[in-house]
Peer 1: 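My questions all concern the structure below.
Everything quoted here is computed from the prediction, not taken from an experiment.
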Amino acid sequence: MKYVIVGGVAGGATAAARLRRIDEKAEIVLFEKGEYISYANCGLPYYIGGVIEDRENLFVQTPASFAELFNFDVRVKSEVTRIDRTNKQVEVLRADGTKYTENYDKLLLSPGALPVVPPLPGVNSPGVFTLRNVADTDAIKSYIDEHNVKHAIVVGGGFIGLEMAENLHEKGIRVDVVEMAPQVMTPIDFSMAAIIHAHMKEKGAGLYLGKAVKSIQEKSGFLSLSLDSGEKLDADLVLLSIGVRPNTELAVNAGLETGEARGIKVNEYLCTSDPDIYAVGDAIEFPHPITGKPWTNYLAGPANRQARIVADNMKYGNRKKYEGAIGTAIAKVFDLTVGATGLSAKALKQNGIPYLTATVQPNSHAGYYPDAYPMTLKIVFDPENGRLYGAQCVGIDGVDKRIDSIAQLIKHNGTVEDLIQTEQAYAPPFSSAKDPVAMAGYVADNILAGRLKPLYWREMQKADPNEVSIIDVRLKQAYDIEHIRGAISIPLEEMRERMKEIPTDKPVYIYCAVGLRGYLASNILRQSGFRDVRNLIGGYRLYSTATADYNTAAQERGKKQSNNHPDTSTVALQVNACGIACPGPILRLKQGIEKIKTGERLRIEATDPGFVRDAGAWCETTGHRLISQDIDKGKYIVTIEKTSCKEDGTCVSKTPGKGKTFILFSDDLDKALATFVLANGAAATGQKVTVFFTFWGLNAIKKMTDRKPKKDIWGKMFGMMLPKDSRKLKLSKMNMGGLGAKMMRMVMKKKQVDSLESMRMQALANGVEFIACQMSMDVMGIGKEELMDEVTIGGVATYMNRAEQANINLFI
């Protein structure tokens, strides 16, 4: 049996090797138009960027080593130009221009894809390139070195285009990306792409979205691009990465069938319309397992799998079926990793398939373990039976493992319930006990069961505050920094007491930072009689990212790109706040500032994307000087200089205000939490804060000890009815015999939210004054020895003195 294979990269080379392994006696001839075979096509951008230093590392095999290892005929620089199906021959063009024919028994086509090059004026100018093979790579690298390229424009924001943008950036070249669509990476949904937009802007890359190149003009020493928006961009190098198309010319000329996706049409055995000719890789089209419609899939993994199947079918006859690919892909974009599998929401919409989505934003691993980075994971599923359709994930770390595990479920028609039941390996450096995959499943399950009515960012963007009530349930400090137009602030901790402020005759749209507090608030309202309550999926973090404008104005194209990090030589203190949820980083910032002297600088690192904005607002409030903001491999780095501080380290606000007092009357866990959250937030801005504990509130500051104090009969009776200490506090609603309080503490721990006891110690460390009401202690038989050592005893006069010095006094 004689096998002839056209194309020596990925599919072709893999099929040839498989054929030899199963048929030692067969004659195998491999034709490759180019000079190289079996090279790492996906590694080309990283060689240009210098990440892969040795060019030879790109080559898995050389033609000579491949031929010797597998004992077959490898012919490079040999282009198959025609197929004679009647006589079962191919015509081959040598590098010297001569031609000859070669017979075959079975023929495999693996010609790959061709880059799309639009017929633009000036598209063939020197300095304009495409990237598809080693020759393109060598040409680009040589041009960069020889022409001292300082500014490059990448036309096209697909996977390869963004990988090239990153690698050019790594070489110190300023990069702009022009993309005709309103987003980069069109296979994923806009909200996920917006995270990439924000990151690219942080890295100094220019974005021209929804704009097309009309012409390229060669000028003296540079290239000038004209956009359809009227803008003009100048660059030293232009890379066209608009897309690729199946290389079907040889098949079409041979009379082989092509399909509606314009690829070579193959059956389930990867056989073409000719029973002796097979095809694999980028050139073929095959029905998508979810839509059933033909599509082209330009990925190396499926090509290699097809090659293995087709080799068996060519040898043994058509007995092994190809199941199809759902399109699982991943890319590195600067510090981000972007992964996707299956169909996006917009693809399902285009195909007329109903769907729902769920988005979660957990950390890549346990928050208390160093370098826990936030990620955004979105799943798409059937609204009736929960079948998984697709998933997308963007983050610094851990994206690949989540996308890979979900991909396997999608390929086997898995559901949301299967997602919940998937077991993930857990240890603090790798994940959390509740893995992001499981979290996405839990949210989706809540949506399917009706426990959560989702609100998506586009719906929130269109919301009219006159027709719906928009409620921000984040802490008031976050609301004051920025919020959605028309929203009113009712923190989750205050929802039960303030729900009367919310009209019952119109829909209620709730949002928080990432969705959890909003879910809890929506439960409170639904169970209190509100009928139409919806929670913003992904929270304000996703909404603000998706609705921002990332387009670069033409006048900004000369903006200097900088990768310089703050000068640490003048930094007196470095603080690590990575993996900590808001308001943790701000509290650590405040504590750090108190430890240094006026004129000294503090450098703090955090992984919370909102920290940079919060740090700026904090400086505005306190009067300290913001020196620099930077991002390095997913860490947000802020340097602040201490100014206007007293010798004792207490900060003075740039706009001096009065203090804050809180009266804690309740011993409900949720109300105690609210008190300490607010107290810590106020203390972080340098305000004098006093918490006055009276009656049941005294239980929140009891010592955690097993020692029983001596009491009279009345004190013993009260002691039997009161909580032993803060660990025994109950919820004001939904306590369920203590189960609710345990659930609250468990959720807080999973979300890296400090416990009540930890918040209490933070408040003391931040200088918050704790005063216990003497009269309440006397009435309830509570002795000073039962309270924390830091607590002072006072009466109404003491409280009134503090209240006179405050501009806010809250009774909780």
Peer 1: Keeping Ser125 on the side-chain end and Val128 on the backbone end, is there a donor-acceptor pair under 3.5 Å?
Peer 2: no
Peer 1: To the closest 0.5 Å, what do you measure between NZ (Lys25) and CE (Met1)?
Peer 2: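 CE of Met1 is found 16.0 Å from NZ of Lys25.
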Peer 1: When you measure from the side chain of Thr337 to the backbone of Val333, do you find a donor-acceptor pair of N or O atoms at a distance under 3.5 Å?
Peer 2: no
Peer 1: Extract all donor-acceptor atom pairs below 3.5 Å that involve side chains of residues 237-266 and protein atoms in other chains or at least two apart in sequence.
Peer 2:
| unit_1 | atom_1 | unit_2 | atom_2 | d |
| --- | --- | --- | --- | --- |
| Ser241 | OG | Gly161 | N | 3.2 |
| Asn253 | ND2 | Glu249 | O | 3.3 |

Peer 1: Mind listing the closest non-hydrogen atom pair of Lys378 and Ala345 along with its distance?
Peer 2: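 Closest heavy-atom pair between Lys378 and Ala345: NZ-CB, 4.3 Å.
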Peer 1: Just by modelled atom types, is the Ile353 backbone N or O under 3.5 Å from a matching donor or acceptor in the Asn351 side chain?
Peer 2: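 Side chain of Asn351 to backbone of Ile353: no pair is present.
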Peer 1: Walk me through whether Asp335 and His199 qualify under side-chain contact (heavy atoms from CB on, under 4.5 Å).
Peer 2: CA-CA 8 Å; Asp335 298 335; His199 185 66; 3.5 Å; yes
Peer 1: Kindly compute the distance separating OG (Ser110) from CD (Gln306), expressed to the nearest 0.5 Å.
Peer 2: 8.5 Å
Peer 1: Of the non-hydrogen atoms in Ala325 and Pro289, which two are nearest, and what is the gap between them?
Peer 2: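 Of all heavy-atom pairs spanning Ala325 and Pro289, the closest is O-CD, 3.3 Å.
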Peer 1: Can you see which heavy atom on Leu343 is nearest to which on Val380, and at what distance?
Peer 2: O-CG2, 4.0 Å
Peer 1: More than 12 non-hydrogen atoms from neighbouring residues, nucleotides or ligands closer than 6.0 Å to NZ on Lys2, yes or no?
Peer 2: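 Enclosed: over 12 neighbouring heavy atoms sit under 6.0 Å from NZ of Lys2.
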Peer 1: Specify whether Phe72 and Phe66 have parallel, tilted or perpendicular ring planes, treating 30° as the upper limit for parallel and 60° as the lower limit for perpendicular.
Peer 2: perpendicular
Peer 1: For Phe381 versus Ala358, what's the shortest heavy-atom pair and its separation?
Peer 2: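 Minimum heavy-atom separation between Phe381 and Ala358: CE2-N, 3.8 Å.
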Peer 1: Please answer whether the main-chain N or O of Glu163 pairs with a side-chain N or O of Asn167 as donor and acceptor at a distance below 3.5 Å.
Peer 2: yes
Peer 1: Report yes or no: does Asp176 contribute a side-chain atom to a donor-acceptor pair with the main-chain N or O of Gly206 at less than 3.5 Å?
Peer 2: yes
Peer 1: Does CZ in Arg308 sit with more than 12 non-hydrogen atoms of other residues, nucleotides or ligands closer than 6.0 Å?
Peer 2: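 No, not enclosed.
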Peer 1: Would Thr296 and Tyr298 count as having a side-chain donor-acceptor pair, cut-off 3.5 Å?
Peer 2: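 Yes - a donor-acceptor pair under 3.5 Å links their side chains.
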Peer 1: Could you tell me the separation between the OG1 atom of Thr62 and the CD atom of Glu35, rounded to the nearest 0.5 Å?
Peer 2: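 The OG1 atom of Thr62 sits 11.5 Å away from the CD atom of Glu35.
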Peer 1: Tell me the closest heavy-atom pair linking Ser78 and Val92, and the distance in Å.
Peer 2: CB-CG1, 3.8 Å
Peer 1: Using modelled atom types and a 3.5 Å cut-off, is there a donor and acceptor pairing between side-chain atoms of Asp138 and backbone atoms of Ala135?
Peer 2: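 Not a single qualifying donor-acceptor pair exists.
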Peer 1: Do Lys211 and Asp228 have side chains that get closer than 4.5 Å, going by heavy atoms?
Peer 2: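 Counting from C-beta outward, Lys211 and Asp228 do come under 4.5 Å.
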Peer 1: The test is side-chain contact (heavy atoms from CB on, under 4.5 Å); show your working for Leu108 and Val280 and say whether it passes.
Peer 2: CA-CA 8 Å; Leu108 174 62; Val280 296; 4.1 Å; yes
Peer 1: Which residue, Asn318, Asn267, Thr272, forms the side-chain hydrogen bond (donor to acceptor under 3.5 Å, both in side chains) with Tyr278?
Peer 2: Asn318
Peer 1: Would you find a donor on one side and an acceptor on the other, under 3.5 Å apart, between the side chain of Tyr550 and the backbone of Thr545?
Peer 2: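 Yes; judged by distance alone, with no hydrogens or angles, the pair exists.
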Peer 1: Of the non-hydrogen atoms in Gln183 and Met185, which two are nearest, and what is the gap between them?
Peer 2: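 Of all heavy-atom pairs spanning Gln183 and Met185, the closest is NE2-O, 3.1 Å.
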Peer 1: Side chains of Thr359 and Leu542, heavy atoms from C-beta outward: is any pair under 4.5 Å?
Peer 2: yes
Peer 1: Spell out, as yes or no, whether a donor-acceptor pair under 3.5 Å connects the side chain of Tyr208 to the backbone of Leu227.
Peer 2: no
Peer 1: Considering only distance and modelled atom types, tabulate donor-acceptor pairs under 3.5 Å from the side chains of residues 388-399, sequence neighbours left out.
Peer 2:
| unit_1 | atom_1 | unit_2 | atom_2 | d |
| --- | --- | --- | --- | --- |
| Tyr389 | OH | Asp382 | OD2 | 2.7 |
| Gln392 | OE1 | Asp189 | N | 2.8 |
| Gln392 | NE2 | Asp189 | OD2 | 3.0 |

Peer 1: Any salt bridge between Arg18 and Asp312, counting N to O under 4.0 Å?
Peer 2: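 Asp312 and Arg18: salt-bridged.
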Peer 1: For a side-chain hydrogen bond (donor to acceptor under 3.5 Å, both in side chains) with Thr328, tell me which candidate from Asp404, Asn297, Thr341 qualifies.
Peer 2: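 Exactly one candidate clears the test, Thr341.
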Peer 1: Could you check whether atom NZ of Lys77 has more than 12 heavy atoms from other residues, nucleotides or ligands sitting under 6.0 Å from it?
Peer 2: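 12 or below, so no.
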Peer 1: Run the side-chain contact (heavy atoms from CB on, under 4.5 Å) check on Arg305 and Glu323 step by step: do they pass?
Peer 2: CA-CA 10 Å; Arg305 172 157 171 70; Glu323 79 286 357; 2.9 Å; yes
Peer 1: Can you tell if the side chain of Ile196 reaches within under 4.5 Å of the side chain of Ile188, non-hydrogen atoms only?
Peer 2: yes
Peer 1: Could you tell me whether the side chain of Glu179 and the main chain of Gly157 form a donor-acceptor pair under 3.5 Å?
Peer 2: yes
Peer 1: Taking C-beta and beyond as the side chain, do Tyr46 and Leu58 meet within less than 4.5 Å on heavy atoms?
Peer 2: no
Peer 1: Give a yes or no on whether Lys106 atom NZ has more than 12 heavy-atom contacts from other residues, nucleotides or ligands under 6.0 Å away.
Peer 2: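 Above 12, so yes.
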Peer 1: One pair to check against side-chain contact (heavy atoms from CB on, under 4.5 Å): Val184 and His197. What are the steps and the verdict?
Peer 2: CA-CA 8 Å; Val184 299; His197 300 164; 3.6 Å; yes
Peer 1: Calculate, to the nearest 0.5 Å, the distance between atoms OH and SG belonging to Tyr322 and Cys271 respectively.
Peer 2: 16.0 Å
Peer 1: Ignoring hydrogens and angles, tell me if any N or O in the side chain of Asn313 forms a donor-acceptor pair with the backbone of Arg319 under 3.5 Å.
Peer 2: yes
Peer 1: Quick one: pull up CZ in Arg20 and CD1 in Ile28 and give me the separation to the nearest 0.5 Å.
Peer 2: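 Those atoms lie 4.0 Å apart.
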Peer 1: Is there side-chain contact between Tyr47 and Val134, with heavy atoms separated by less than 4.5 Å?
Peer 2: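 Result no, sub-4.5 Å side-chain heavy-atom pair not found.
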Peer 1: Starting at CE of Met314, measure out to CD1 of Ile277 and round the result to the nearest 0.5 Å.
Peer 2: 10.0 Å
Peer 1: Counting C-beta onward and ignoring hydrogens, is there a side-chain heavy-atom pair between Ile290 and Ile410 closer than 4.5 Å?
Peer 2: yes
Peer 1: Within a strict 4.5 Å, meaning less than it, do heavy atoms of the Thr101 and Val90 side chains meet?
Peer 2: no
Peer 1: I'd like to check Phe70 versus Leu19 (side-chain heavy atoms, cut-off strictly below 4.5 Å). Are they in contact?
Peer 2: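 Of all side-chain heavy-atom pairs linking Leu19 with Phe70, none is under 4.5 Å.
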